[in-house]
There are 2 protein chains.
Amino acid sequence: MKQSPSLIGPSGEETVLPTFLNLPPDKRERVVEAALVEFADKGYQQASLNTIVAASGIAKGSIYQYFRDKKGFFLYLFDFAVARVRRTLVQVKEASAHQDFFTRLEKSLLAGVEFIRRHPRIYGIYLKILFDRHVPRRDELLRAVRRFAADYLGSLLRQGMARGEVRADLPEGTAVFILDALLDRFLQAASVPAFDVALDLDRAASPELEQRIRELVDILRRGLAR
Amino acid sequence: MKQSPSLIGPSGEETVLPTFLNLPPDKRERVVEAALVEFADKGYQQASLNTIVAASGIAKGSIYQYFRDKKGFFLYLFDFAVARVRRTLVQVKEASAHQDFFTRLEKSLLAGVEFIRRHPRIYGIYLKILFDRHVPRRDELLRAVRRFAADYLGSLLRQGMARGEVRADLPEGTAVFILDALLDRFLQAASVPAFDVALDLDRAASPELEQRIRELVDILRRGLAR
DNA sequence: GCTTCATGTGACCACCTGGTCATATCGCGC
DNA sequence: GCGCGATATGACCAGGTGGTCACATGAAGC
(Lines give C-alpha, C1' and ligand atoms only; values in the text may rest on other atoms or scores of the structure.)
Protein backbone atom coordinates (compact mmCIF):
# COMPACT_ATOMS: atom_id res chain seq x y z
CA MET A 1 0.00 0.00 0.00
CA LYS A 2 2.87 2.37 -0.75
CA GLN A 3 1.28 5.27 -2.58
CA SER A 4 4.25 7.53 -3.20
CA PRO A 5 3.13 8.73 -6.69
CA SER A 6 0.19 10.61 -5.14
CA LEU A 7 2.14 12.67 -2.68
CA ILE A 8 1.92 15.61 -5.03
CA GLY A 9 -1.52 15.97 -6.61
CA PRO A 10 -1.94 16.81 -10.29
CA SER A 11 -1.85 20.57 -9.71
CA GLY A 12 1.05 20.64 -7.34
CA GLU A 13 -0.95 20.81 -4.11
CA GLU A 14 -0.47 18.26 -1.43
CA THR A 15 -3.23 15.77 -1.28
CA VAL A 16 -1.63 13.65 1.42
CA LEU A 17 0.83 14.63 4.13
CA PRO A 18 3.92 12.66 5.17
CA THR A 19 2.47 11.65 8.54
CA PHE A 20 -0.11 9.53 6.79
CA LEU A 21 2.51 7.68 4.80
CA ASN A 22 4.46 6.96 7.96
CA LEU A 23 1.54 5.29 9.65
CA PRO A 24 1.53 1.58 10.37
CA PRO A 25 -0.26 -0.14 7.45
CA ASP A 26 -3.22 -1.38 9.47
CA LYS A 27 -3.89 2.10 10.74
CA ARG A 28 -3.65 3.56 7.26
CA GLU A 29 -6.09 0.96 5.99
CA ARG A 30 -8.51 1.83 8.75
CA VAL A 31 -8.55 5.44 7.62
CA VAL A 32 -8.90 4.55 3.96
CA GLU A 33 -11.65 2.04 4.58
CA ALA A 34 -13.73 4.40 6.72
CA ALA A 35 -13.34 7.14 4.13
CA LEU A 36 -14.23 4.84 1.23
CA VAL A 37 -17.41 3.83 3.00
CA GLU A 38 -18.44 7.40 3.67
CA PHE A 39 -17.51 9.02 0.36
CA ALA A 40 -19.02 6.17 -1.65
CA ASP A 41 -22.29 6.36 0.25
CA LYS A 42 -22.71 10.09 0.66
CA GLY A 43 -20.69 11.61 -2.17
CA TYR A 44 -18.18 14.38 -1.63
CA GLN A 45 -20.44 17.12 -0.28
CA GLN A 46 -22.53 15.08 2.12
CA ALA A 47 -19.70 12.89 3.34
CA SER A 48 -18.87 13.90 6.88
CA LEU A 49 -15.38 13.84 8.31
CA ASN A 50 -16.97 13.38 11.71
CA THR A 51 -18.44 10.10 10.52
CA ILE A 52 -15.06 8.97 9.19
CA VAL A 53 -13.49 9.98 12.51
CA ALA A 54 -16.02 7.93 14.47
CA ALA A 55 -15.72 4.89 12.20
CA SER A 56 -11.94 4.83 12.11
CA GLY A 57 -11.26 5.66 15.76
CA ILE A 58 -8.82 8.36 14.67
CA ALA A 59 -8.94 11.79 16.27
CA LYS A 60 -10.37 14.65 14.22
CA GLY A 61 -7.19 16.67 14.52
CA SER A 62 -5.13 13.76 13.29
CA ILE A 63 -7.04 13.61 10.04
CA TYR A 64 -5.73 17.12 9.36
CA GLN A 65 -2.23 15.86 9.95
CA TYR A 66 -2.73 13.24 7.25
CA PHE A 67 -4.49 15.39 4.67
CA ARG A 68 -4.59 19.13 4.35
CA ASP A 69 -8.37 19.24 4.17
CA LYS A 70 -11.44 17.31 3.10
CA LYS A 71 -10.71 17.98 -0.54
CA GLY A 72 -7.21 16.59 -0.24
CA PHE A 73 -8.56 13.52 1.50
CA PHE A 74 -11.08 12.95 -1.24
CA LEU A 75 -8.57 13.42 -4.07
CA TYR A 76 -6.24 10.93 -2.43
CA LEU A 77 -9.09 8.42 -2.17
CA PHE A 78 -10.09 8.94 -5.75
CA ASP A 79 -6.54 8.37 -6.94
CA PHE A 80 -6.42 5.19 -4.93
CA ALA A 81 -9.70 3.99 -6.41
CA VAL A 82 -8.73 4.75 -9.99
CA ALA A 83 -5.43 2.95 -9.68
CA ARG A 84 -7.27 -0.16 -8.55
CA VAL A 85 -9.62 -0.03 -11.53
CA ARG A 86 -6.82 0.45 -14.00
CA ARG A 87 -4.89 -2.50 -12.74
CA THR A 88 -7.91 -4.68 -13.27
CA LEU A 89 -8.63 -3.53 -16.79
CA VAL A 90 -5.02 -3.92 -17.85
CA GLN A 91 -5.08 -7.49 -16.56
CA VAL A 92 -8.26 -8.35 -18.43
CA LYS A 93 -6.90 -6.91 -21.62
CA GLU A 94 -3.72 -8.89 -21.43
CA ALA A 95 -5.40 -12.12 -20.38
CA SER A 96 -7.80 -12.01 -23.33
CA ALA A 97 -5.34 -10.77 -25.95
CA HIS A 98 -5.50 -13.98 -27.99
CA GLN A 99 -9.30 -14.05 -28.21
CA ASP A 100 -11.69 -12.51 -30.68
CA PHE A 101 -13.21 -9.10 -30.19
CA PHE A 102 -16.63 -10.26 -29.02
CA THR A 103 -15.19 -12.67 -26.52
CA ARG A 104 -12.97 -9.95 -25.17
CA LEU A 105 -15.99 -7.74 -24.82
CA GLU A 106 -17.79 -10.40 -22.83
CA LYS A 107 -14.74 -10.93 -20.67
CA SER A 108 -14.50 -7.20 -20.00
CA LEU A 109 -18.12 -7.04 -18.94
CA LEU A 110 -17.71 -10.05 -16.71
CA ALA A 111 -14.57 -8.66 -15.16
CA GLY A 112 -16.32 -5.35 -14.65
CA VAL A 113 -19.20 -6.96 -12.80
CA GLU A 114 -16.84 -9.02 -10.70
CA PHE A 115 -14.88 -5.90 -9.84
CA ILE A 116 -17.84 -3.81 -8.73
CA ARG A 117 -19.22 -6.66 -6.69
CA ARG A 118 -15.89 -7.05 -4.97
CA HIS A 119 -15.24 -3.32 -4.65
CA PRO A 120 -18.63 -1.65 -4.48
CA ARG A 121 -17.20 1.37 -2.75
CA ILE A 122 -14.68 2.09 -5.41
CA TYR A 123 -17.38 2.03 -8.02
CA GLY A 124 -19.63 4.04 -5.72
CA ILE A 125 -17.12 6.87 -5.52
CA TYR A 126 -17.01 7.05 -9.28
CA LEU A 127 -20.81 7.07 -9.56
CA LYS A 128 -21.04 9.88 -7.08
CA ILE A 129 -18.99 12.29 -9.15
CA LEU A 130 -20.83 11.75 -12.43
CA PHE A 131 -23.59 14.29 -11.93
CA ASP A 132 -22.26 16.49 -9.16
CA ARG A 133 -20.49 19.54 -10.50
CA HIS A 134 -19.54 20.57 -6.98
CA VAL A 135 -17.02 17.77 -6.55
CA PRO A 136 -13.51 19.27 -6.50
CA ARG A 137 -11.86 18.84 -9.90
CA ARG A 138 -14.82 16.84 -11.09
CA ASP A 139 -14.35 17.44 -14.80
CA GLU A 140 -10.68 16.59 -14.68
CA LEU A 141 -11.15 13.43 -12.62
CA LEU A 142 -14.01 12.21 -14.73
CA ARG A 143 -12.22 12.94 -17.96
CA ALA A 144 -9.24 10.89 -16.82
CA VAL A 145 -11.43 7.89 -16.03
CA ARG A 146 -13.49 8.19 -19.17
CA ARG A 147 -10.38 8.65 -21.28
CA PHE A 148 -8.94 5.47 -19.88
CA ALA A 149 -12.13 3.53 -20.60
CA ALA A 150 -12.39 4.94 -24.12
CA ASP A 151 -8.76 4.11 -24.87
CA TYR A 152 -9.24 0.60 -23.60
CA LEU A 153 -12.33 0.00 -25.71
CA GLY A 154 -10.91 1.83 -28.71
CA SER A 155 -7.88 -0.41 -28.61
CA LEU A 156 -10.05 -3.55 -28.46
CA LEU A 157 -12.07 -2.25 -31.36
CA ARG A 158 -9.08 -1.43 -33.55
CA GLN A 159 -7.59 -4.84 -32.88
CA GLY A 160 -10.92 -6.42 -33.79
CA MET A 161 -10.99 -4.46 -37.03
CA ALA A 162 -7.40 -5.39 -37.85
CA ARG A 163 -8.25 -9.06 -37.37
CA GLY A 164 -11.30 -8.83 -39.58
CA GLU A 165 -13.74 -9.52 -36.78
CA VAL A 166 -15.30 -6.06 -36.74
CA ARG A 167 -16.55 -3.98 -39.64
CA ALA A 168 -13.85 -1.58 -40.79
CA ASP A 169 -16.31 1.07 -42.01
CA LEU A 170 -17.52 1.99 -38.52
CA PRO A 171 -17.32 5.54 -37.25
CA GLU A 172 -14.89 4.80 -34.45
CA GLY A 173 -16.03 7.54 -32.07
CA THR A 174 -19.62 6.40 -32.15
CA ALA A 175 -18.72 2.73 -31.87
CA VAL A 176 -16.56 3.46 -28.82
CA PHE A 177 -19.36 5.54 -27.39
CA ILE A 178 -21.76 2.62 -27.70
CA LEU A 179 -19.39 0.13 -26.14
CA ASP A 180 -18.54 2.52 -23.35
CA ALA A 181 -22.19 3.33 -22.72
CA LEU A 182 -23.24 -0.30 -22.55
CA LEU A 183 -20.34 -1.37 -20.37
CA ASP A 184 -20.86 1.40 -17.86
CA ARG A 185 -24.63 1.04 -17.90
CA PHE A 186 -24.46 -2.68 -17.40
CA LEU A 187 -22.25 -2.14 -14.36
CA GLN A 188 -24.56 0.52 -13.01
CA ALA A 189 -27.59 -1.71 -13.44
CA ALA A 190 -25.77 -4.62 -11.76
CA SER A 191 -24.81 -2.37 -8.89
CA VAL A 192 -27.60 0.08 -8.16
CA PRO A 193 -31.19 -0.82 -7.20
CA ALA A 194 -34.21 0.27 -9.19
CA PHE A 195 -32.01 1.29 -12.05
CA ASP A 196 -32.99 -1.18 -14.63
CA VAL A 197 -36.53 -2.47 -14.94
CA ALA A 198 -35.90 -4.47 -18.10
CA LEU A 199 -33.51 -7.04 -16.61
CA ASP A 200 -33.30 -6.43 -12.83
CA LEU A 201 -29.57 -6.96 -12.95
CA ASP A 202 -28.90 -5.77 -9.42
CA ARG A 203 -30.56 -8.91 -8.12
CA ALA A 204 -29.17 -11.32 -10.69
CA ALA A 205 -26.90 -14.21 -9.81
CA SER A 206 -23.82 -14.97 -11.88
CA PRO A 207 -25.35 -17.42 -14.37
CA GLU A 208 -28.03 -14.92 -15.28
CA LEU A 209 -25.55 -12.08 -15.60
CA GLU A 210 -23.46 -14.22 -17.91
CA GLN A 211 -26.50 -15.00 -20.01
CA ARG A 212 -27.41 -11.35 -20.28
CA ILE A 213 -23.88 -10.45 -21.25
CA ARG A 214 -23.94 -13.06 -24.00
CA GLU A 215 -27.26 -11.72 -25.30
CA LEU A 216 -26.05 -8.15 -25.22
CA VAL A 217 -22.82 -8.92 -27.04
CA ASP A 218 -24.73 -10.98 -29.57
CA ILE A 219 -27.07 -8.12 -30.34
CA LEU A 220 -24.05 -5.87 -30.78
CA ARG A 221 -22.50 -8.41 -33.12
CA ARG A 222 -25.50 -8.89 -35.35
CA GLY A 223 -27.50 -5.72 -34.96
CA LEU A 224 -31.25 -5.34 -34.66
CA ALA A 225 -32.35 -5.27 -38.26
CA ARG A 226 -34.08 -8.14 -39.84
CA MET B 1 -50.46 24.99 -14.18
CA LYS B 2 -53.27 23.33 -12.26
CA GLN B 3 -51.71 20.36 -10.55
CA SER B 4 -54.60 18.88 -8.66
CA PRO B 5 -53.61 15.18 -9.22
CA SER B 6 -50.58 15.62 -6.94
CA LEU B 7 -52.42 16.93 -3.89
CA ILE B 8 -52.17 13.49 -2.33
CA GLY B 9 -48.78 11.86 -2.86
CA PRO B 10 -48.44 8.22 -3.80
CA SER B 11 -48.42 7.00 -0.19
CA GLY B 12 -51.26 9.15 1.05
CA GLU B 13 -49.14 11.90 2.59
CA GLU B 14 -49.61 15.46 1.56
CA THR B 15 -46.85 16.66 -0.72
CA VAL B 16 -48.43 20.02 -1.35
CA LEU B 17 -50.76 22.08 0.81
CA PRO B 18 -53.86 23.96 -0.37
CA THR B 19 -52.34 27.39 0.15
CA PHE B 20 -49.88 26.70 -2.62
CA LEU B 21 -52.59 25.78 -5.05
CA ASN B 22 -54.45 28.98 -4.22
CA LEU B 23 -51.51 31.18 -5.09
CA PRO B 24 -51.59 33.47 -8.09
CA PRO B 25 -49.95 31.59 -11.00
CA ASP B 26 -46.96 33.89 -11.35
CA LYS B 27 -46.15 33.48 -7.67
CA ARG B 28 -46.47 29.73 -7.89
CA GLU B 29 -44.14 29.67 -10.86
CA ARG B 30 -41.58 31.71 -8.95
CA VAL B 31 -41.52 29.09 -6.22
CA VAL B 32 -41.31 26.20 -8.66
CA GLU B 33 -38.60 27.79 -10.73
CA ALA B 34 -36.40 28.63 -7.74
CA ALA B 35 -36.81 25.10 -6.43
CA LEU B 36 -36.07 23.51 -9.80
CA VAL B 37 -32.85 25.47 -10.05
CA GLU B 38 -31.72 24.46 -6.58
CA PHE B 39 -32.72 20.80 -6.56
CA ALA B 40 -31.36 20.22 -10.07
CA ASP B 41 -28.02 21.76 -9.17
CA LYS B 42 -27.50 20.46 -5.67
CA GLY B 43 -29.58 17.31 -5.48
CA TYR B 44 -32.00 16.61 -2.67
CA GLN B 45 -29.64 16.57 0.30
CA GLN B 46 -27.52 19.58 -0.53
CA ALA B 47 -30.36 21.69 -1.87
CA SER B 48 -31.02 24.44 0.63
CA LEU B 49 -34.46 25.82 1.35
CA ASN B 50 -32.75 29.05 2.39
CA THR B 51 -31.42 29.40 -1.14
CA ILE B 52 -34.86 28.79 -2.60
CA VAL B 53 -36.27 31.35 -0.19
CA ALA B 54 -33.75 33.95 -1.24
CA ALA B 55 -34.19 33.28 -4.95
CA SER B 56 -37.96 33.31 -4.91
CA GLY B 57 -38.50 36.24 -2.54
CA ILE B 58 -40.91 34.11 -0.49
CA ALA B 59 -40.67 34.05 3.30
CA LYS B 60 -39.23 30.92 4.88
CA GLY B 61 -42.34 30.32 6.95
CA SER B 62 -44.53 30.58 3.88
CA ILE B 63 -42.74 27.69 2.22
CA TYR B 64 -43.98 25.57 5.11
CA GLN B 65 -47.50 26.74 4.38
CA TYR B 66 -47.14 25.46 0.83
CA PHE B 67 -45.43 22.14 1.52
CA ARG B 68 -45.23 20.19 4.72
CA ASP B 69 -41.47 19.88 4.61
CA LYS B 70 -38.47 19.71 2.29
CA LYS B 71 -39.34 16.18 1.31
CA GLY B 72 -42.85 17.14 0.31
CA PHE B 73 -41.52 20.03 -1.68
CA PHE B 74 -39.11 17.78 -3.52
CA LEU B 75 -41.70 15.09 -4.25
CA TYR B 76 -44.03 17.70 -5.68
CA LEU B 77 -41.24 18.99 -7.92
CA PHE B 78 -40.36 15.52 -9.08
CA ASP B 79 -43.97 14.79 -9.98
CA PHE B 80 -44.08 17.99 -11.93
CA ALA B 81 -40.87 17.11 -13.78
CA VAL B 82 -41.95 13.60 -14.66
CA ALA B 83 -45.28 14.73 -16.00
CA ARG B 84 -43.48 17.10 -18.36
CA VAL B 85 -41.22 14.32 -19.68
CA ARG B 86 -44.09 11.95 -20.23
CA ARG B 87 -46.05 14.43 -22.24
CA THR B 88 -43.09 14.85 -24.55
CA LEU B 89 -42.47 11.16 -25.09
CA VAL B 90 -46.12 10.46 -25.78
CA GLN B 91 -46.10 13.20 -28.40
CA VAL B 92 -43.02 11.83 -30.12
CA LYS B 93 -44.45 8.36 -30.20
CA GLU B 94 -47.67 9.47 -31.75
CA ALA B 95 -46.02 11.81 -34.24
CA SER B 96 -43.73 9.05 -35.53
CA ALA B 97 -46.26 6.23 -35.50
CA HIS B 98 -46.25 5.82 -39.29
CA GLN B 99 -42.47 5.56 -39.59
CA ASP B 100 -40.12 2.62 -39.41
CA PHE B 101 -38.51 1.49 -36.18
CA PHE B 102 -35.08 2.98 -36.81
CA THR B 103 -36.48 6.34 -37.82
CA ARG B 104 -38.60 6.38 -34.70
CA LEU B 105 -35.51 5.64 -32.67
CA GLU B 106 -33.70 8.58 -34.25
CA LYS B 107 -36.70 10.82 -33.63
CA SER B 108 -36.81 9.77 -30.00
CA LEU B 109 -33.15 10.56 -29.51
CA LEU B 110 -33.56 13.90 -31.22
CA ALA B 111 -36.62 14.75 -29.17
CA GLY B 112 -34.77 13.73 -26.04
CA VAL B 113 -31.87 16.02 -26.76
CA GLU B 114 -34.19 18.86 -27.59
CA PHE B 115 -36.05 18.32 -24.35
CA ILE B 116 -33.01 18.33 -22.09
CA ARG B 117 -31.63 21.37 -23.79
CA ARG B 118 -34.89 23.18 -23.29
CA HIS B 119 -35.46 21.84 -19.78
CA PRO B 120 -32.02 21.16 -18.31
CA ARG B 121 -33.33 21.41 -14.78
CA ILE B 122 -35.93 18.76 -15.22
CA TYR B 123 -33.31 16.40 -16.53
CA GLY B 124 -30.93 17.51 -13.78
CA ILE B 125 -33.36 16.50 -11.07
CA TYR B 126 -33.61 13.06 -12.57
CA LEU B 127 -29.84 12.69 -12.82
CA LYS B 128 -29.45 13.67 -9.20
CA ILE B 129 -31.50 10.77 -7.90
CA LEU B 130 -29.81 8.03 -9.89
CA PHE B 131 -26.98 7.29 -7.50
CA ASP B 132 -28.15 8.84 -4.26
CA ARG B 133 -29.89 6.34 -2.05
CA HIS B 134 -30.69 9.05 0.46
CA VAL B 135 -33.27 10.74 -1.76
CA PRO B 136 -36.73 10.21 -0.28
CA ARG B 137 -38.51 7.41 -2.13
CA ARG B 138 -35.63 7.14 -4.54
CA ASP B 139 -36.25 3.56 -5.64
CA GLU B 140 -39.91 4.12 -6.20
CA LEU B 141 -39.43 7.36 -8.11
CA LEU B 142 -36.69 5.94 -10.27
CA ARG B 143 -38.57 2.76 -10.98
CA ALA B 144 -41.55 4.75 -12.18
CA VAL B 145 -39.40 6.75 -14.60
CA ARG B 146 -37.44 3.74 -15.82
CA ARG B 147 -40.61 1.73 -16.22
CA PHE B 148 -42.08 4.42 -18.38
CA ALA B 149 -38.97 4.55 -20.57
CA ALA B 150 -38.81 0.75 -20.86
CA ASP B 151 -42.46 0.53 -21.81
CA TYR B 152 -42.03 3.22 -24.41
CA LEU B 153 -39.02 1.52 -26.00
CA GLY B 154 -40.51 -1.95 -25.62
CA SER B 155 -43.57 -0.80 -27.48
CA LEU B 156 -41.49 0.68 -30.30
CA LEU B 157 -39.52 -2.55 -30.50
CA ARG B 158 -42.55 -4.80 -30.63
CA GLN B 159 -44.11 -2.66 -33.31
CA GLY B 160 -40.84 -2.85 -35.26
CA MET B 161 -40.86 -6.61 -34.96
CA ALA B 162 -44.48 -6.87 -35.99
CA ARG B 163 -43.72 -4.82 -39.10
CA GLY B 164 -40.73 -6.99 -39.99
CA GLU B 165 -38.21 -4.22 -39.45
CA VAL B 166 -36.58 -5.76 -36.39
CA ARG B 167 -35.39 -9.35 -35.87
CA ALA B 168 -38.06 -11.34 -34.13
CA ASP B 169 -35.60 -13.65 -32.36
CA LEU B 170 -34.26 -10.95 -30.04
CA PRO B 171 -34.33 -11.41 -26.29
CA GLU B 172 -36.68 -8.52 -25.63
CA GLY B 173 -35.41 -7.60 -22.17
CA THR B 174 -31.84 -7.27 -23.36
CA ALA B 175 -32.81 -5.35 -26.48
CA VAL B 176 -34.84 -2.90 -24.41
CA PHE B 177 -31.93 -2.61 -22.02
CA ILE B 178 -29.62 -1.65 -24.86
CA LEU B 179 -31.98 0.91 -26.32
CA ASP B 180 -32.68 2.39 -22.92
CA ALA B 181 -29.00 2.49 -22.03
CA LEU B 182 -28.02 4.23 -25.24
CA LEU B 183 -30.87 6.72 -25.14
CA ASP B 184 -30.19 7.75 -21.57
CA ARG B 185 -26.45 7.79 -22.05
CA PHE B 186 -26.68 9.90 -25.15
CA LEU B 187 -28.76 12.42 -23.26
CA GLN B 188 -26.34 12.41 -20.36
CA ALA B 189 -23.39 12.93 -22.65
CA ALA B 190 -25.21 15.75 -24.44
CA SER B 191 -26.02 17.36 -21.14
CA VAL B 192 -23.13 16.87 -18.71
CA PRO B 193 -19.55 18.07 -19.24
CA ALA B 194 -16.57 15.72 -19.24
CA PHE B 195 -18.87 12.76 -19.54
CA ASP B 196 -18.02 11.54 -22.94
CA VAL B 197 -14.53 11.75 -24.33
CA ALA B 198 -15.30 9.80 -27.49
CA LEU B 199 -17.70 12.33 -29.05
CA ASP B 200 -17.76 15.45 -26.84
CA LEU B 201 -21.49 15.65 -27.22
CA ASP B 202 -22.00 18.31 -24.59
CA ARG B 203 -20.36 20.82 -26.88
CA ALA B 204 -21.93 19.61 -30.10
CA ALA B 205 -24.23 21.75 -32.23
CA SER B 206 -27.39 20.30 -33.71
CA PRO B 207 -26.00 19.13 -37.08
CA GLU B 208 -23.29 17.14 -35.34
CA LEU B 209 -25.72 15.65 -32.84
CA GLU B 210 -27.94 14.56 -35.70
CA GLN B 211 -24.99 12.97 -37.44
CA ARG B 212 -24.00 11.09 -34.29
CA ILE B 213 -27.54 9.88 -33.81
CA ARG B 214 -27.66 8.56 -37.36
CA GLU B 215 -24.36 6.75 -36.86
CA LEU B 216 -25.48 5.27 -33.59
CA VAL B 217 -28.78 4.04 -34.94
CA ASP B 218 -27.03 2.64 -38.00
CA ILE B 219 -24.65 0.63 -35.85
CA LEU B 220 -27.62 -0.69 -33.91
CA ARG B 221 -29.31 -1.62 -37.16
CA ARG B 222 -26.40 -3.50 -38.70
CA GLY B 223 -24.30 -4.59 -35.75
CA LEU B 224 -20.55 -4.58 -35.39
CA ALA B 225 -19.56 -7.84 -36.97
CA ARG B 226 -17.96 -8.03 -40.35
C1' DG C 1 -67.00 46.60 14.46
C1' DC C 2 -65.57 42.11 15.73
C1' DT C 3 -64.22 37.51 14.69
C1' DT C 4 -62.35 34.13 11.86
C1' DC C 5 -59.79 32.45 8.18
C1' DA C 6 -56.11 32.89 4.91
C1' DT C 7 -51.72 34.39 4.03
C1' DG C 8 -47.19 36.46 4.99
C1' DT C 9 -42.90 37.29 7.83
C1' DG C 10 -38.23 36.51 9.70
C1' DA C 11 -35.95 35.90 14.19
C1' DC C 12 -34.93 32.05 16.66
C1' DC C 13 -33.73 27.17 17.80
C1' DA C 14 -31.16 22.74 18.03
C1' DC C 15 -28.17 20.38 15.44
C1' DC C 16 -24.52 19.51 12.20
C1' DT C 17 -20.30 20.64 9.59
C1' DG C 18 -15.14 21.53 8.40
C1' DG C 19 -11.44 23.28 10.40
C1' DT C 20 -8.45 25.12 14.48
C1' DC C 21 -5.44 24.82 18.22
C1' DA C 22 -3.86 24.26 23.06
C1' DT C 23 -2.43 20.41 25.27
C1' DA C 24 -0.36 15.84 25.86
C1' DT C 25 2.79 11.87 25.11
C1' DC C 26 6.60 9.37 23.14
C1' DG C 27 11.10 8.52 21.18
C1' DC C 28 15.51 9.99 19.72
C1' DG C 29 19.72 12.62 19.75
C1' DC C 30 22.92 15.40 22.17
C1' DG D 1 18.04 15.25 31.57
C1' DC D 2 16.56 18.38 28.10
C1' DG D 3 14.94 19.80 23.67
C1' DC D 4 12.94 18.77 19.46
C1' DG D 5 10.21 16.42 16.22
C1' DA D 6 6.49 13.29 15.47
C1' DT D 7 2.08 12.00 16.59
C1' DA D 8 -2.39 12.07 19.04
C1' DT D 9 -6.46 14.36 21.14
C1' DG D 10 -11.05 16.54 21.45
C1' DA D 11 -13.20 20.91 22.94
C1' DC D 12 -14.20 24.83 20.59
C1' DC D 13 -15.47 28.00 16.76
C1' DA D 14 -18.09 30.24 12.95
C1' DG D 15 -21.19 29.19 9.61
C1' DG D 16 -24.93 26.69 7.65
C1' DT D 17 -29.30 23.85 7.81
C1' DG D 18 -34.49 22.50 8.33
C1' DG D 19 -38.07 23.66 10.87
C1' DT D 20 -40.90 26.53 14.43
C1' DC D 21 -43.77 30.05 15.95
C1' DA D 22 -45.19 34.63 17.70
C1' DC D 23 -46.69 38.31 15.36
C1' DA D 24 -48.80 40.88 11.48
C1' DT D 25 -52.09 42.10 7.73
C1' DG D 26 -56.13 41.72 4.81
C1' DA D 27 -60.61 40.09 3.45
C1' DA D 28 -65.10 38.20 4.28
C1' DG D 29 -69.07 37.14 7.03
C1' DC D 30 -72.15 38.22 10.74
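Labels below follow one simple rule: chain letters A, B, ... track the order of the sequence lines, proteins then strands, and each chain is numbered from 1. Worth saying up front: this structure is predicted, and the values here are computed from it rather than measured.
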Length of the line joining A:Phe67:CZ and C:dG19:P, which is rounded to integer Å: 13 Å

Nearest-angstrom distance from the residue atom CG of A:Asn50 to P of C:dT17: 5 Å

Listed nucleotide nearest any side-chain atom of A:Leu23, set D:dG19, C:dG19, D:dA8: D:dA8

Whether A:Phe78 and A:Phe74 hold their rings parallel, tilted or perpendicular, with breakpoints at 30° and 60°: tilted

Atom pair distance, as rounded to whole Å: CD1 in A:Ile52 and P in C:dG19: 11 Å

Rounded distance (Å) that lies between atom P of C:dT7 and atom CZ of B:Arg28: 12 Å

Sugar-phosphate, base or nothing in reach of B:Phe20, heavy atoms under 4.0 Å: nothing

Whole-Å gap separating C1' (C:dG10) and OH (B:Tyr64): 13 Å

B:Asn22 vs C:dT7: side-chain N/O to OP1/OP2 distance below 4.0 Å: yes

Polar pair under 3.5 Å, donor/acceptor by atom type, side chain A:Lys70, base C:dG19: no

Salt bridge present between B:Glu215 and B:Arg212 (N-O < 4.0 angstrom): yes

Whole angstrom value for the distance that separates C1' of D:dT9 from NZ of A:Lys27: 11 Å

Base of D:dA8 paired with side chain of A:Gln65 (donor-acceptor, under 3.5 Å): yes

Phosphate OP1/OP2 of C:dG8 contacted by B:Tyr66 side-chain N/O (<4.0 Å): yes

Any B:Ser48 side-chain nitrogen or oxygen under 4.0 Å from OP1 or OP2 of D:dG18: yes

Interatomic distance where CZ belongs to B:Arg68 and C1' belongs to D:dT20 [whole Å]: 15 Å

Options D:dG18, C:dG8, C:dG18, nucleotide nearest the side-chain atoms of B:Thr19: C:dG8

Nearest-angstrom distance from the residue atom CD of A:Gln46 to P of D:dG16: 16 Å

Residue-phosphate contact under 4.0 Å: A:Lys60 side-chain N/O, D:dA8 OP1/OP2: no

Salt bridge present between B:Arg117 and B:Glu114 (N-O < 4.0 angstrom): no

Heavy-atom side-chain proximity of B:Lys128 to B:Phe39 below 4.5 angstrom: no

Side chain to side chain donor-acceptor pair (under 3.5 Å) assessment of B:Asp184 paired with B:Tyr126: CA-CA 11 Å; B:Asp184 207 14; B:Tyr126 159 72; 2.6 Å; yes

Selected nucleotide, minimal atom distance to A:Thr51 side chain, candidates C:dG19, C:dT17, C:dT9: C:dT17

Minimum-distance nucleotide to B:Ala59 side chain [options: C:dT9, C:dG18, D:dT17]: C:dT9

Touch class at under 4.0 angstrom, heavy-atom based, for A:Ser62 against every strand present: base

